[in-house]
Each structure stands twice: as C-alpha cells, then as structure tokens.
K.L.:
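Sharing a structure, written as structure tokens. Questions coming.
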Number of protein chains: 2
Amino acid sequence: MGRPSTSQDTAGRILDIAGQLLQTRGYNAFSYADIAQSLHVTKASLHYHFPTKAELGKRLIERYKYAFLESLAEIDRSGAGAREKLKHYVGLYVDVLRDDRMCLCGMLAAECATLPKPMKTELKQFFDDNERWLVAVLEQGRSDKTLRFNGAPRDVARLLVGSLEGAMMLARSYDDVTRFQATADHLLTGIGIGN
Amino acid sequence: MGRPSTSQDTAGRILDIAGQLLQTRGYNAFSYADIAQSLHVTKASLHYHFPTKAELGKRLIERYKYAFLESLAEIDRSGAGAREKLKHYVGLYVDVLRDDRMCLCGMLAAECATLPKPMKTELKQFFDDNERWLVAVLEQGRSDKTLRFNGAPRDVARLLVGSLEGAMMLARSYDDVTRFQATADHLLTGIGIGN
DNA sequence: GTCTATAGGTGGATAGAC
DNA sequence: GTCTATCCACCTATAGAC
C-alpha cells in the first residue's frame, strides 16, 4: 500500500504523483503545476487526462480504495487467523507511514468540509469498506475465541479505524513511525492480542 | 472549548473568525479575504493586526493551547477523581465537535507538511501538554486503583490523544457526533471506566 | 486603525496549433 | 496527446492617504 507500483500509462503516472502530493500535503495544498513540474509536462496536458481537479481527486480515492481492498482480499486469501489478520491490517498503515505519507483518506477526512460531493461520497465508502472487513475479522476472532473484546464488532471496528488514522496523523507530526507502532500495539493488546 | 467567548478587541475577533475557519476548512483552505468578509473590514486591516498568515496561524495555536490548558486546569481544580477527569477531558472534544469543528491542532496535524516551522513547534507543544496532563491523571488513577490499564501511562496517553483526534476526524466526515461518543466510551471502557 | 489601490504571484481551466 | 498562450479569479502582502 505504500508507493503504487510504477505505472505504465500517463494517466497512471499522474495519479502516482498526485497521490503522493495529496498524501503528504493535502488536497488543498497541491496544484496541477506541482504535478506538471514533477512529471515534466505542462498543466494543459494534465487537463487532457483529468479535466478538473475534482475529477482527479475522485479517481485518486477510487484507485486508493481499490488497492486497499485488494490488500485486504490478499490477507483473507492467506488464510491467517483473526489475530494475524489484524496485525497485517496494521501493517498496511505502517507501510504508508514508512513512505512518509498519510493515509489518503485520512488526509481527506480532515479536509472533508472543502471537498466536492463526489469525493465525499467515495471517502465514506472507503471507511465503510474498512469497517465491513474489520467487523468480519472481529466476528471470526470472537467465535473461534482467538479475540476477546467488549461491545459490538461494529463499534470496535470504528474504534480501530479512527484510532489508527489519528495515530498516523500524530506520528507524522512528530516524524516518528515508532509512535504509531506503540499505539497500534496497545490497541491490539486491548482486543486480546499479546504479541 | 467550543466557540471562544465573544471577544472584545479587533485582534480577538479576527482570531475568533480565523479559528472557526481553520477548524472547519483547514489552514490551507481559508484566506484573509474570508476573514475580511466575515468581519466586514478590508484585507489590509487584517494585515495591520497580523502581518503574515504564518503569524496569524501561530497566534491561533497559542490561543487554542492556552484555552485548552485552562480547561484542564479547571478540571484539576474541580478535585474530581481520575475517572471523572478523563470523562471531562473527552467532554472538551465533544464540545468542539458539537460546534461543527475539528480540533484546531488535529486539523493542523494533518496539514503539518505545509506549515511554517513556528507553527509546527507550537503544534507539538499542544500535544505534549495534553500528554503530560493525561499521564498525571493516569498515574493518579492507577495508584488509587480507580483506573486499571496495561503499559506505561505515557503510551496510554498517546493512544488516547491519537484515538480521540482520529475519531473526531471521522465523526466529522460522517457529520455524526454520536460516532465520536461511541468510540470515546469504548476507549475509556478499555481503561477501566464503566459508565 | 482602517481605508483604497495595487503589486506580483499562483490557482484551475480553456482555445487552438501541431 | 502534448504544446503555447491566455483568461480570470484568487492569493498574500505592501504603500500611502485619511
């Protein structure tokens, strides 16, 4: 989930650079000019591929969500237990952070009041998808007794997503990945994961 | 901690409006023009009180931090137990959220890569102050047995700050304060707070 | 302290040649 | 598909009158 696989076509390269900018600076703090400079093309060329910034933003979320869900599907295919699945889930966040990025959707969540509606819709879908996947893992772990936690899986899933996004944000402010790791470990311990 | 007490002088009114804009839209998504329109003055007048936006931003953090610390001091003066102190602490976040705002420093944490250095320094101080206060409360609760939790108070304090900021961000994306409340309650339960 | 006026730069976006 | 050239709105910031 860190850097996207070096893409082939121009549209893909634009998304790569735009994504890196969005995840480090935020949606309102990067411009077509930034992308153009990085990609050695003109701004006009970018508008051929993505007519508006709102469209570019929407496509960025779609791509990020797709890649994230693909990672989750791969975790499922690994046949790991609930505890290991959660650890892998946290690992996805760590990968992003190690690449000096914030989660694309966590960043947008902060800026949500300034986003065009299509982006807001996609954004919620990302978090809903994460919640859905986590709920399944939590239910699995509860029924096979590998996880123990209080309350509804849905609430715990929301706690996890929110806490991981927040911890990520703070870790970035301090430029200290270990800060995230410590919080994530503590969180998982609370759900009955030792080490 | 929600809306600042209706201020007297112009500088204070500027900070009120700028703060509201910063907490809803983000530092990179509001301008002197926005403040000027809201306050019915010209942009030039604003520059008399705050020469640069970086200076304005720094002063905003300072004021927010001061008010927050004042609220924490008041909680201390109340003589409440550790459990009640934590509940009041969460209450401060709820107040901000009910005012349709993000925590000023949580918002800036997301944008940290684009902030001038003086603002970044102030930002960290805010989180350090919060951590310090929480550590004291956690130690108090652990020693008088009103709280029980695993690990170092420092790590739990960081977990709390990060998780509350993250939950706040997501609650705002969904425009649903109850989402924050549920997560906060769950968090406190994990530290041994029933209801 | 607040105003008008303006500078100098950047934002997203388009027209039209190649 | 990429370019040059350009539009217009907006940005932060300053000079100087009142």
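Numbered from 1 within each chain, the chains take letters A, B, ... in sequence-line order.
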K.L.:
Side chains of B:Met119 and B:Ile61, heavy atoms from C-beta outward: is any pair under 4.5 Å?
P.N.:
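Yes, close enough: below the 4.5 Å cut-off.
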K.L.:
Could you tell me how far apart B:Asp34 (CG) and D:dT12 (C1') are, to the nearest whole angstrom?
P.N.:
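That distance rounds to 13 Å.
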K.L.:
Using a heavy-atom cut-off of 4.0 Å across all strands, would you classify B:Ser31 as base, sugar-phosphate, or nothing?
P.N.:
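If one applies the 4.0 Å heavy-atom cut-off, B:Ser31 turns out to touch the sugar-phosphate alone, with no base involved.
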K.L.:
Applying the ring pair (Phe, Tyr, Trp, His ring centres under 6.0 Å) criterion to A:Trp133, which one of A:Tyr89, A:Phe127, A:Phe68 satisfies it?
P.N.:
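For A:Trp133, the ring pair (Phe, Tyr, Trp, His ring centres under 6.0 Å) test succeeds with only one of A:Tyr89, A:Phe127, A:Phe68, which is A:Tyr89.
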K.L.:
With heavy atoms under 4.0 Å as the rule, sort B:Phe30 into base, sugar-phosphate or nothing.
P.N.:
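The residue B:Phe30 makes sugar-phosphate contact but no base contact.
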K.L.:
Consider the side chain of B:Ala44, meaning its heavy atoms from C-beta on, and name the nucleotide among C:dA5, D:dT2, C:dG12 that approaches it most closely.
P.N.:
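Minimum distance to the B:Ala44 side chain belongs to C:dA5.
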K.L.:
Looking at B:Phe30, I'd like to know if the NZ or CZ of B:Lys53 sits under 6.0 Å from its six-membered ring centre while staying within 45 degrees of the ring's axis.
P.N.:
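Output yes; distance and angle both within limits.
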K.L.:
It should be established whether B:His47 places a side-chain nitrogen or oxygen under 4.0 Å from OP1 or OP2 of nucleotide D:dA15.
P.N.:
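Answer no for this pair, as no side-chain N or O of B:His47 is under 4.0 Å from OP1 or OP2.
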K.L.:
Side chain of B:Ser45 only, please: which of C:dG12, C:dT2, D:dC11 is the nearest?
P.N.:
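Of C:dG12, C:dT2, D:dC11, C:dT2 is nearest to the side chain of B:Ser45.
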K.L.:
Taking the side chain of A:Thr52 as its heavy atoms from C-beta onward, which of D:dT12, C:dA13, D:dC3 lies nearest to it?
P.N.:
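For the A:Thr52 side chain, the nearest candidate turns out to be C:dA13.
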K.L.:
Which nucleotide, C:dC3, D:dA13, D:dA5, lies nearest any side-chain atom of B:Val41?
P.N.:
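Nearest to the side chain of B:Val41 among the choices is C:dC3.
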K.L.:
D:dT2, OP1 or OP2 - any side-chain N/O from A:His40 closer than 4.0 Å?
P.N.:
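Looking at the OP1 and OP2 atoms of D:dT2, neither is under 4.0 Å from any side-chain N or O of A:His40.
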K.L.:
Side-chain N or O of A:Thr10 versus OP1/OP2 of D:dG1: is the shortest distance under 4.0 Å?
P.N.:
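Looking at the OP1 and OP2 atoms of D:dG1, neither is under 4.0 Å from any side-chain N or O of A:Thr10.
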K.L.:
Can you confirm whether A:Asp176 sits close enough to A:Leu170 that some side-chain heavy atom of one is under 4.5 Å from a side-chain heavy atom of the other?
P.N.:
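They are not in contact (no side-chain heavy atoms under 4.5 Å apart), so the answer is no.
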K.L.:
Give the nucleotide from the list D:dC3, C:dA13, D:dT14 with an atom nearest to the side chain of A:Thr42.
P.N.:
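It is D:dC3.
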K.L.:
Taking the minimum atom-to-atom distance to the side chain of B:Tyr32, which one of C:dA13, D:dG1, D:dA13 wins?
P.N.:
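Minimum distance to the B:Tyr32 side chain belongs to D:dA13.
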K.L.:
Which nucleotide, D:dG1, D:dT12, C:dT14, lies nearest any side-chain atom of A:Tyr48?
P.N.:
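Taking heavy atoms from C-beta onward, the closest nucleotide is D:dG1.
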